[in-house]
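Worksheet: the structure to be examined is printed underneath.
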Amino acid sequence: MSRISFLLPVYNGAQFLGETLQSILAQDHKDFDVVIIDDGSTDDTATIINQFDDPRIKYHKTENGGLVNALNYGLKKLDCAYVARIDADDVCLPYRLSRQLDFIQFTNAAAVS
């Protein structure tokens, strides 16, 4: 079980997905996995994902059902203490997780946004 799971739903997000995954994998906090829910993409989304050879990436493809269905499906696949939401066209700074974890531990916050 990873301490944190990035939950990344994607639908036809090939254009930015590679940069997003690179930014996730460059985190200074390394105890995480990435759960990708491909919501029936018809572009090169799967090709982009398969270019990354990292055991922390968990790829699931579903029929297109929209963002909420993809997120609910993804939540059922998680086994972690914390969820880090990210979209396929977002980029993380390398210290995102470490700073968010520090804040949670310092404040006992239930969520960080």
Side-chain angles (χ1 to χ4, degrees):
M1 172 176 97
S2 293
R3 184 164 188 207
I4 304 167
S5 288
F6 277 97
L7 178 55
L8 193 165
V10 58
Y11 176 72
N12 289 341
Q15 182 178 359
F16 301 109
L17 185 58
E19 185 178 359
T20 299
L21 289 172
Q22 287 173 351
S23 76
I24 291 171
L25 296 174
Q27 292 298 297
D28 61 356
H29 180 88
K30 301 297 184 193
D31 186 14
F32 67 87
D33 62 12
V34 185
V35 177
I36 302 171
I37 309 302
D38 181 348
D39 189 34
S41 294
T42 57
D43 66 355
D44 289 330
T45 291
T47 302
I48 300 298
I49 294 166
N50 290 325
Q51 290 175 353
F52 289 85
D53 184 25
D54 192 306
R56 295 174 293 179
I57 296 176
K58 317 292 187 218
Y59 175 55
H60 304 275
K61 183 158 183 155
T62 64
E63 291 184 24
N64 182 254
L67 178 61
V68 172
N69 284 338
L71 288 171
N72 285 331
Y73 179 83
L75 287 170
K76 293 175 187 173
K77 298 293 182 186
L78 301 181
D79 183 20
C80 60
Y82 301 105
V83 178
R85 256 291 278 126
I86 189 164
D87 289 311
D89 60 352
D90 289 341
V91 175
C92 294
L93 294 173
Y95 47 79
R96 173 190 170 174
L97 290 183
S98 60
R99 287 196 179 174
Q100 287 178 327
L101 279 172
D102 287 347
F103 183 82
I104 288 170
Q105 292 170 352
F106 181 74
T107 64
N108 284 331
V112 178
S113 172

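Nothing here was measured: the structure is a model prediction, and the numbers come from that model.
Counting heavy atoms from C-beta on, the side chains of Thr20 and Val10 never come closer than 4.5 Å. Taking the side chain as every heavy atom from C-beta outward, Asp31 and Leu97 never approach each other to under 4.5 Å. Proximity of Lys77 to His60: side-chain heavy atoms (C-beta onward) are separated by under 4.5 Å at one or more points. The shortest side-chain heavy-atom distance between Gln51 and Leu21 does not fall under the 4.5 Å cut-off. The shortest distance between side-chain heavy atoms of Leu71 and Val68 does not fall below 4.5 Å. No side-chain heavy atom of His29 sits less than 4.5 Å from a side-chain heavy atom of Gln100.
Residue Gln105 qualifies as enclosed at atom CD: its count of foreign heavy atoms under 6.0 Å is above 12.
Shortest non-hydrogen contact noted between Gly40 and Tyr11 is O-CE1, 3.6 Å. Taking every heavy atom of both residues into account, Arg85 and Leu67 meet most closely at NH2-CD1, 4.5 Å. Minimum heavy-atom separation, Asp43 to Gly13: OD2-N, 3.3 Å. The shortest non-hydrogen separation linking Ala70 to Pro9 is CB-CB, 4.1 Å.
If you chain together hydrophobic residues whose side chains sit under 4.5 Å apart, Phe103 and Tyr82 fall into the same group. In the hydrophobic clustering of ILVMFWY residues, with side-chain heavy atoms under 4.5 Å counting as a link, Val35 and Phe52 come out apart. Hydrophobic clustering places Leu8 together with Val112 (ILVMFWY residues linked when any side-chain heavy atoms are closer than 4.5 Å, directly or through intermediates). Hydrophobic clustering, with ILVMFWY side chains joined whenever heavy atoms are under 4.5 angstrom apart, groups Ile86 together with Ile57. The cluster map of Ile, Leu, Val, Met, Phe, Trp and Tyr, joined by side-chain heavy atoms under 4.5 Å apart, puts Ile48 and Phe16 in different clusters.
Residues passing the salt bridge (Lys or Arg N to Asp or Glu O under 4.0 Å) test with Asp38 are Lys61, sequence neighbours excluded. Under the rule for a ring pair (Phe, Tyr, Trp, His ring centres under 6.0 Å), the partners of Phe32 that lie at least two apart in sequence or sit in another chain are Phe6. Applying the side-chain contact (heavy atoms from CB on, under 4.5 Å) criterion to Asn69, with sequence neighbours excluded, gives no partner residue.
No option in Ile36, Leu17, Asp39, Asn50 other than Leu17 meets the side-chain contact (heavy atoms from CB on, under 4.5 Å) test with Thr45. For the side-chain contact (heavy atoms from CB on, under 4.5 Å) with Ile4, the lone residue among Val34, Leu101, Val83, Leu78 that qualifies is Leu101.
Between the side chain of Glu19 and the backbone N or O of Asp90, no donor-acceptor pair lies under 3.5 Å.
Checked by atom type, the side-chain pair Ser5/Asp33 shows a donor-acceptor distance below 3.5 Å.
The structure places CD1 of Ile49 at 4.5 Å from OH of Tyr59, a figure rounded to the nearest 0.5 Å.
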